[in-house]
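Everything quoted here is computed from the prediction, not taken from an experiment.
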Amino acid sequence: IEYTHNGYQSILNIFENENESSERFILGDFFQMDQDKKYDIVFSGWFIEHFDNYEEVIDSHIRLTRKWGLTVIVVPKYHIYYKYFQDLLYVDLMQKQHITEIMNKSSLEKIFKWHEALGNISLTLIEEIEPASFWQLV
């Protein structure tokens, strides 16, 4: 699901370039999704850190995932490599548009361990997908 028309079209282009079907990709509002409908994969990238109620947003992702399905939530890591430059160059972007509290391992572990205790998920954290790149600083 993608909320913006530009983002949706970009993703359709990616699917088309890879000769993959995009018929199950949805243009719409995540918060208007039918919570009774379940999906095999729920992917969220650079989304939850924009909401004060990020725990509820994470819960919504998990509720939308079918049993034995996969929930992937990508959150930018707000650590020393980026923090210094982002705070220096983009203080408004980071401090006013992001909930930096969720952008660290311990906050995520706390939320997901609660779900793990309920038996409805298995937690796997991947701390670094790739090393810091200049494009991530600008």
Side-chain angles (χ1 to χ4, degrees):
I1 184 165
E2 169 59 36
Y3 182 70
T4 68
H5 289 279
N6 288 342
Y8 181 73
Q9 189 58 54
S10 294
I11 291 171
L12 292 181
N13 292 341
I14 291 169
F15 277 89
E16 183 179 312
N17 289 339
E18 296 296 323
N19 295 318
E20 295 291 335
S21 172
S22 61
E23 66 187 38
R24 294 183 61 187
F25 199 75
I26 303 166
L27 174 64
D29 185 344
F30 175 81
F31 297 108
Q32 300 300 315
M33 300 283 299
D34 179 357
Q35 292 288 312
D36 292 327
K37 190 166 183 181
K38 305 294 180 197
Y39 298 88
D40 294 328
I41 300 172
V42 176
F43 175 88
S44 173
W46 308 277
F47 181 69
I48 66 169
E49 69 275 4
H50 295 278
F51 299 92
D52 290 331
N53 62 337
Y54 55 81
E55 289 186 20
E56 293 173 31
V57 177
I58 290 171
D59 289 346
S60 293
H61 285 73
I62 293 169
R63 280 194 305 274
L64 287 170
T65 306
R66 184 183 322 269
K67 186 174 183 172
W68 309 112
L70 180 64
T71 303
V72 178
I73 298 176
V74 179
V75 179
K77 191 170 183 183
Y78 190 57
H79 59 67
I80 194 162
Y81 297 124
Y82 309 123
K83 185 178 185 326
Y84 174 77
F85 292 103
Q86 289 170 333
D87 285 347
L88 181 66
L89 299 173
Y90 303 106
V91 68
D92 286 342
L93 175 68
M94 293 311 297
Q95 299 298 327
K96 293 182 181 173
Q97 296 181 25
H98 293 80
I99 308 302
T100 56
E101 160 187 336
I102 192 59
M103 296 165 65
N104 67 69
K105 181 180 177 181
S106 61
S107 294
L108 288 169
E109 280 182 329
K110 178 181 169 189
I111 295 166
F112 282 97
K113 291 232 184 263
W114 180 78
H115 282 284
E116 208 170 28
L118 293 176
N120 60 347
I121 70 164
S122 174
L123 171 67
T124 302
L125 282 175
I126 302 171
E127 285 197 61
E128 297 290 336
I129 294 176
E130 62 182 68
S133 302
F134 180 74
W135 68 268
Q136 293 169 310
L137 302 175
V138 289

Kindly state whether the ring of Phe51 and the ring of Phe31 have centres lying under 6.0 angstrom apart.
->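 Under 6.0 Å, so yes.
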Under 6.0 Å between ring centres, would you say that holds for Phe25 and Tyr8?
->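 Centroid separation for Phe25 and Tyr8: below 6.0 Å.
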Just wondering, are more than 12 heavy atoms of other shown residues or ligands nearer than 6.0 Å to CG in Asp29?
->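 Counting other residues, nucleotides and ligands, CG of Asp29 exceeds 12 neighbours.
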Neighbour count above 12 (heavy atom, 6.0 Å) for Lys110 NZ = no
Measure the [atom1]-[atom2] distance between [X] and [Y] for me, rounded to the nearest 0.5 Å.
| X | Y | atom1 | atom2 | result |
| --- | --- | --- | --- | --- |
| Tyr54 | Ile102 | OH | CD1 | 5.0 Å |
| Glu49 | Glu101 | CD | CD | 12.5 Å |
| Lys37 | Arg66 | NZ | CZ | 9.0 Å |

Test side-chain contact (heavy atoms from CB on, under 4.5 Å) applied to Ile73 and Val57, Ile58, Val42, the passing residue | Ile58
Return yes if some donor-acceptor pair links the side-chain N/O of Ser107 with the main-chain N/O of Met103 below 3.5 Å, else return no.
->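 Side chain of Ser107 to backbone of Met103, a donor-acceptor pair under 3.5 Å: no, none is there.
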Side-chain contact test, heavy atoms from C-beta onward, threshold under 4.5 Å: evaluate it for [X] versus [Y] and give yes or no.
| X | Y | result |
| --- | --- | --- |
| Phe43 | Val74 | yes |
| Gln9 | Asn6 | no |
| Leu64 | Gln35 | yes |

Can you name the closest pair of heavy atoms from [X] and [Y] and give their distance?
| X | Y | value |
| --- | --- | --- |
| Ser21 | Phe15 | O-CD2, 3.3 Å |
| Thr65 | Asp40 | CG2-O, 4.3 Å |
| Val72 | Leu70 | CG2-CG, 3.7 Å |

Go through the side-chain N and O atoms of Glu20 and Ser22 and say whether any donor and acceptor fall under 3.5 Å apart.
->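 Per modelled atom types, Glu20 and Ser22 side chains form no pair under 3.5 Å.
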Going hydrophobic residue to hydrophobic residue with side-chain gaps under 4.5 angstrom, can you get from Leu12 over to Leu27?
-> yes
Common cluster, Tyr3/Phe47, ILVMFWY with side-chain heavy-atom separation under 4.5 Å | no
